[in-house]
Protein chains: 2
Amino acid sequence: MLAQQAHDLPLARRPLAEARPQAKPVGLGPHQVLFHDARSEIYAQGETATALYQVEFGAVRVYRLLADGRRQITAFHVAGEVFGFEAEGQHRFFAEAVSNCAIRAYRLPIEPRAAAEILPVALESLVRAQQHLVVIGRQSADERVATFLLDMMARQGGRAQVELAMSRTDIGDYLGLTIETVSRILSRFKQRGIIRLPNARTVEILREPALRALCD
Amino acid sequence: MLAQQAHDLPLARRPLAEARPQAKPVGLGPHQVLFHDARSEIYAQGETATALYQVEFGAVRVYRLLADGRRQITAFHVAGEVFGFEAEGQHRFFAEAVSNCAIRAYRLPIEPRAAAEILPVALESLVRAQQHLVVIGRQSADERVATFLLDMMARQGGRAQVELAMSRTDIGDYLGLTIETVSRILSRFKQRGIIRLPNARTVEILREPALRALCD
DNA sequence: CGTAATGTTGACAAGGGTCAAGCTTAGTGG
DNA sequence: CCACTAAGCTTGACCCTTGTCAACATTACG
């Protein structure tokens with residue numbers, strides 16, 4: 001569909017001199033914080049996996065492309081979250097910065113004694129992916145968008161004012177919908193007084209219970 | 001939609017006297033092999049997680065139910081595969097025997113030194129779940145069924161004759177489709193000479209390339 | 001052999017996709 | 001500072017894929 005343009009961009013990676021940690025590092029030994037411009041690639045499908053990553057600030061999308069350009073975003077990651085597990089030697093997905101962001105990289109291989117520490121973190125990703133399977137596999141478009149908004153709200157501390165780091169296209173590719181459908185549903189929610197849209201990237205949730213009622 | 005009937009069944013769990021191992025045990029220390037009748041519950045959503053499980057023979061489905069009965073099967077597991085990771089203390093999904101099967105149970109908590117051993121196994125589940133997200137989120141019904149058949153074939157050693165342990169309903173709930181759609185697509189594949197259906201639970205793959213061409 | 005579970009097929013409806021036009025916003029350069 | 005452009009977003013009209021409902025066929029089971 002699109003989204004290939006990002007790969008044409010230069011991979012702007014410059015080490016961040018001295019980042020103040022906004023997320024607690026996992027106990028994985030030495031690491032390095034890298035700054036990524038929006039849209040820059042963190043790793044690509046097929047690449048040898050060299051690290052695990054933790055978002056310091058900003059947001060990241062992990063996705064796969066089909067031959068004809070269809071894209072499925074399997075996960076968004078925000079501050080504190082760890083990603084890059086999807087490898088056994090080789091990355092099976094692409095990871096890109098959604099917005100400007102800082103990423104802590106823990107070089108692989110991790111020592112066996114650190115495995116116990118990251119296992120629960122990996123399982124979190126697994127549970128998230130499986131939850132998302134339910135959303136995509138069995139929920140209607142309305143339900144998917146409602147679930148998405150509540151998830152974003154929860155990940156921003158539960159405040160009613162939710163800042164979306166990602167475009168409608170990203171949201172669609174995450175929810176298995178088209179950008180038109182996402183847009184229409186947000187408009188409908190707005191019209192029903194469930195949300196306000198101060199601007200395209202900000203959603204204010206006015207009637208959270210109405211969203212919850214939609215989620216299943 | 002349905003599928004709740006399974007919970008009404010007695011949980012027939014009887015220890016299997018002396019199972020010959022058909023799957024290599026993972027190095028997780030002491031374990032016990034249990035026999036499960038078809039449809040019996042292995043664990044339920046909300047239960048405290050007490051073990052990891054490895055399929056000895058037979059097949060298992062892991063799923064979640066929505067309030068209105070819609071069901072999403074997040075994974076099928078066959079001989080050798082390990083499941084039950086989706087917990088941090090509590091199971092987030094249901095697991096049931098699809099057919100009669102034997103399950104090796106490794107009591108939790110696992111020792112830290114075994115973590116390194118199961119991490120790659122957990123990551124396999126993660127990659128599988130993420131792949132499935134792509135299938136469900138971005139592929140058409142034809143493509144999903146084709147992908148499913150090829151996956152089943154691969155998991156049975158690549159032989160053209162594929163035995164389906166699960167019903168059409170299970171397949172539908174796994175692929176995010178209705179049973180009617182699954183049935184129709186199999187009929188269409190048959191009519192096009194891509195597969196043969198000696199009986200409802202057996203698929204003979206006649207033109208594998210045609211299926212591959214469909215997968216993306 | 002009879003009954004229930006499972007699978008198939010058809011007719012029809014609807015949710016969401018496609019295509020297209022127009023609007024808004026942000027970025028760029030004169 | 002404003003005009004121009006491009007990207008992103010919204011909205012409408014239409015259509016197609018898939019879901020729904022229903023009847024019937026087949027298989028498994030007691």
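First the proteins, then the strands, lettered A, B, ... as listed; each starts at 1.
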Determine, for nucleotides 8-13 of chain C in 5'-to-3' order, which nucleotides have protein heavy atoms under 4.0 Å from the base (write B), from only the sugar-phosphate (write S), or from neither (write -).
-> BBBB--
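- There is a side-chain donor-acceptor pair under 3.5 Å between B/Thr202 and B/Asn199.
- For A/Arg201, counting side-chain heavy atoms from C-beta on, the closest listed nucleotide (C/dG17, C/dT6, D/dG8) is D/dG8.
- In this structure, B/Arg138 places its CZ atom 12 Å from C1' of C/dG16, rounding to the nearest Å.
- The aromatic rings of B/His132 and B/Tyr174 lie parallel to each other, with less than 30° between the two planes, well short of the 60° mark.
- As a whole-Å value, the separation of B/Asn199 CG from D/dA28 C1' is 12 Å.
- Rounded to an integer number of Å, the gap from B/Ile136 CD1 to D/dT17 P is 20 Å.
- At a cut-off of 3.5 Å, with distance as the only test, a side-chain donor of A/Tyr106 or A/Gln54 sits close to an acceptor on the other residue.
- When only modelled atom types and interatomic distance are considered, A/Arg70 and B/Gln139 share no side-chain donor-acceptor pair under 3.5 Å.
- As a whole-Å value, the separation of B/Asp142 CG from D/dG19 P is 12 Å.
- Residue A/Gly176 is classed as a sugar-phosphate contact, given heavy-atom separations below 4.0 Å to backbone atoms only.
- Comparing D/dC9, D/dT18, C/dG17 against the side chain of A/Ser167 picks out D/dC9 as the nearest.
- Residue contacts shown for B/Arg188 are absent, as no nucleic acid heavy atom lies under 4.0 Å away.
- Under the 4.5 Å side-chain criterion, counting only non-hydrogen atoms from C-beta, A/Phe85 is in contact with A/Val121.
- As rounded to whole Å, 11 Å separates atom P of D/dG19 from atom CG of B/Asp173.
- The CZ atom of A/Arg70 sits 13 Å away from the P atom of D/dT17 (whole-angstrom rounding).
- Considering B/Tyr53, B/Tyr63, B/Phe94 as possible partners of B/Tyr43, the one that fulfils the ring-ring contact (aromatic ring centres under 6.0 Å, His included) test is B/Tyr53.
- Rounded to an integer number of Å, the gap from B/Arg144 CZ to D/dG19 P is 7 Å.
- The closest side-chain donor-acceptor pair between A/Ser40 and A/Glu96, if any, does not fall under 3.5 angstrom.
- Here D/dC9 presents its C1' atom at 17 Å from CZ of A/Phe189, a figure rounded to the nearest Å.
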